[in-house]
Amino acid sequence: MSVFPSVPAPIGVFDSGYGGLTILNEIRSLLPQYDYIYLGDNARTPYGSRSFDVVYEYTLQSVRKLFEMGCHLVILACNTASAKALRNIQQHDLPFMDANRRVLGVIRPTVERINEITQTKHVGLLGTLGTIQSESYPLEIKKIFPDITVVGEACPLWVPLIENNEHLNEGADYFVRKNLEQLLRKDAYIDSIVLACTHYPLLLAKIKKYTPQHISIISQGKFVALSLQDYLQRHTNIESKCTKQGKVSYFTTESVDKFKSSASIFLQSEIDASRITLL
Ligand code: DGL
């Protein structure tokens, strides 16, 4: 018997910080009819340089909290959590927590469409240290598209720049340029670069500035939204447990004022938020 509320509830969207808001934006523009609960673990962000065990522990706490809030479906709108925690949660925790609830990530939806974005079959990947070191993308891509070559570059300072609202300033240019040059030096045939971190679309203008024009920059939000739409169409048992009033509630583990002012940059509108504690 589940200890979580059984009545229909919003879809949960989780990220270590603000990055998942770029995913939430895309999901809401494709699926505006649903309700969503956004949870940002801003007090403990960034996850990117944390160990496997810590990312797993923090992510599991967040998933449990979203289940306690009633969510039947949770999207890990975070590549680092998807790379380091998703499989464990799906295989080892869900059966004990509540086998009827679901947790989905952002890596699989992106990988499934990676063949659509490359002609040369050479793709570059920008992500956190955790995502790149996990090799989750190359491993998943190899299973579906063995002819596609992927090279990754970890950008450990990009998330802190964004979380501290420094991403539009000149200092950010140095790190964006440096990581892009390092990535492009690894493979001269890259024709697409995937932003494999949900924070990175916020750096899009600078990323474009330092990328040769023939290379496309791909944000994953649309892929995740399309995959969710498809999932809900195929899993009516879950879909029927998602409330539909088009509302969003925001929760953060950090200060509400800080969340509200930074989130408004991501969302380009004012929002309300509440603080919660994760244990
Ligand atoms: N936005 C996240 C990701 O996609 C997390 C970044 C972090 O916390 O380091 O990886």
Side-chain angles (χ1 to χ4, degrees), residues 9-48 58-59 62 65-66 69 71 74-81 106 126-128 155 157-173 175-176 195-209 217-225 228 243-278:
I11 296 170
V13 178
F14 164 73
D15 182 45
S16 61
Y18 301 112
L21 294 172
T22 63
I23 301 285
L24 180 66
N25 273 346
E26 295 289 349
I27 292 178
R28 284 188 72 203
S29 67
L30 188 67
L31 302 166
Q33 67 272 37
Y34 293 100
D35 297 328
Y36 300 93
I37 294 179
Y38 184 86
L39 169 54
D41 189 8
N42 301 79
R44 303 189 291 195
T45 198
Y47 280 14
Y58 288 179
T59 307
S62 305
K65 178 61 85 180
L66 287 163
M69 291 169 156
C71 302
V74 172
I75 312 296
L76 301 185
C78 172
N79 287 269
T80 313
V106 289
L126 297 168
T128 65
C155 314
L157 289 168
W158 290 17
V159 171
L161 283 168
I162 295 165
E163 288 284 325
N164 290 292
N165 206 8
E166 289 288 341
H167 56 290
L168 298 178
N169 296 337
E170 255 174 56
D173 283 63
F175 294 102
V176 170
L195 305 184
C197 173
T198 56
H199 282 68
Y200 296 175
L202 268 283
L203 281 165
L204 193 59
K206 287 196 195 299
I207 295 170
K208 282 192 170 154
K209 184 169 156 193
I217 309 295
I218 313 293
S219 302
Q220 60 190 162
K222 277 208 174 62
F223 298 157
V224 176
L228 176 61
T243 51
K244 298 170 197 76
Q245 288 184 15
K247 290 188 185 150
V248 191
S249 338
Y250 298 91
F251 293 87
T252 175
T253 54
E254 244 292 350
S255 116
V256 166
D257 288 343
K258 213 169 140 192
F259 184 85
K260 278 162 64 172
S261 73
S262 292
S264 62
I265 302 167
F266 280 72
L267 298 167
Q268 280 145 11
S269 64
E270 292 298 313
I271 55 146
D272 225 347
S274 313
R275 182 162 184 265
I276 51 163
T277 310
L278 295 174

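Computed from a prediction, not measured in an experiment: that's the story for all the values here. We count residues from 1, following the sequence as given.
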Counting N and O atoms only, with roles assigned by atom type, does the side chain of [X] sit under 3.5 Å from a partner on the main chain of [Y], one being a donor and the other an acceptor?
{"X": "E163", "Y": "Y18", "answer": "yes"}
{"X": "D35", "Y": "V248", "answer": "no"}
{"X": "S219", "Y": "G221", "answer": "no"}
{"X": "N79", "Y": "A196", "answer": "yes"}
{"X": "Y47", "Y": "A81", "answer": "no"}
{"X": "R275", "Y": "T252", "answer": "no"}

[X] [atom1] to [Y] [atom2] distance, which is reported to the nearest 0.5 Å:
{"X": "H167", "Y": "L161", "atom1": "NE2", "atom2": "CG", "result": "9.5 Å"}
{"X": "L202", "Y": "S262", "atom1": "CG", "atom2": "OG", "result": "10.0 Å"}
{"X": "I27", "Y": "I75", "atom1": "CD1", "atom2": "CD1", "result": "5.5 Å"}
{"X": "Y34", "Y": "I11", "atom1": "OH", "atom2": "CD1", "result": "6.5 Å"}
{"X": "W158", "Y": "L203", "atom1": "CH2", "atom2": "CG", "result": "6.0 Å"}
{"X": "D15", "Y": "T198", "atom1": "CG", "atom2": "OG1", "result": "4.0 Å"}

Is the closest side-chain heavy-atom distance between [X] and [Y] below 4.5 Å?
{"X": "L126", "Y": "C197", "value": "no"}
{"X": "Y250", "Y": "L39", "value": "no"}
{"X": "L24", "Y": "E26", "value": "no"}
{"X": "D41", "Y": "F14", "value": "yes"}

Of the non-hydrogen atoms in [X] and [Y], which two are nearest, and what is the gap between them?
{"X": "T253", "Y": "R44", "result": "OG1-N, 4.4 Å"}
{"X": "L267", "Y": "N25", "result": "CD2-OD1, 3.1 Å"}
{"X": "Y38", "Y": "L21", "result": "OH-N, 3.4 Å"}
{"X": "L76", "Y": "V106", "result": "O-CG1, 3.4 Å"}
{"X": "I37", "Y": "C71", "result": "CD1-SG, 3.9 Å"}
{"X": "P160", "Y": "P46", "result": "CG-CG, 4.3 Å"}

Open item on the list: I'd like to check the side chain to side chain contact (heavy atoms under 4.5 Å, CB included) partners of S255; sequence neighbours left out, ordered by chain and number.
Closed with: D257, K258

TODO: Report the C-alpha separation of I23 and Q220 in whole Å, then their side-chain angles, then the decisive distance to 0.1 Å, and conclude whether the side-chain contact (heavy atoms from CB on, under 4.5 Å) test is met.
DONE: CA-CA 8 Å; I23 301 285; Q220 60 190 162; 4.0 Å; yes

- [ ] List the steps and the verdict of side-chain contact (heavy atoms from CB on, under 4.5 Å) for H199 and T128.
- [x] CA-CA 10 Å; H199 282 68; T128 65; over 6 Å; no

Please say whether more than 12 non-hydrogen atoms of neighbouring residues, nucleotides or ligands are located less than 6.0 Å from [atom1] in [X].
{"X": "K244", "atom1": "NZ", "result": "yes"}
{"X": "E170", "atom1": "CD", "result": "no"}
{"X": "K222", "atom1": "NZ", "result": "no"}

TODO: Using the test side-chain hydrogen bond (donor to acceptor under 3.5 Å, both in side chains), find all partners of T45 that sit at least two apart in sequence or belong to another chain.
DONE: S16

Open item on the list: Walk me through whether T80 and Y58 qualify under side-chain contact (heavy atoms from CB on, under 4.5 Å).
Closed with: CA-CA 11 Å; T80 313; Y58 288 179; over 6 Å; no

TODO: Assess whether side-chain contact (heavy atoms from CB on, under 4.5 Å) is satisfied between F251 and M69, documenting all intermediate values.
DONE: CA-CA 11 Å; F251 293 87; M69 291 169 156; 3.8 Å; yes

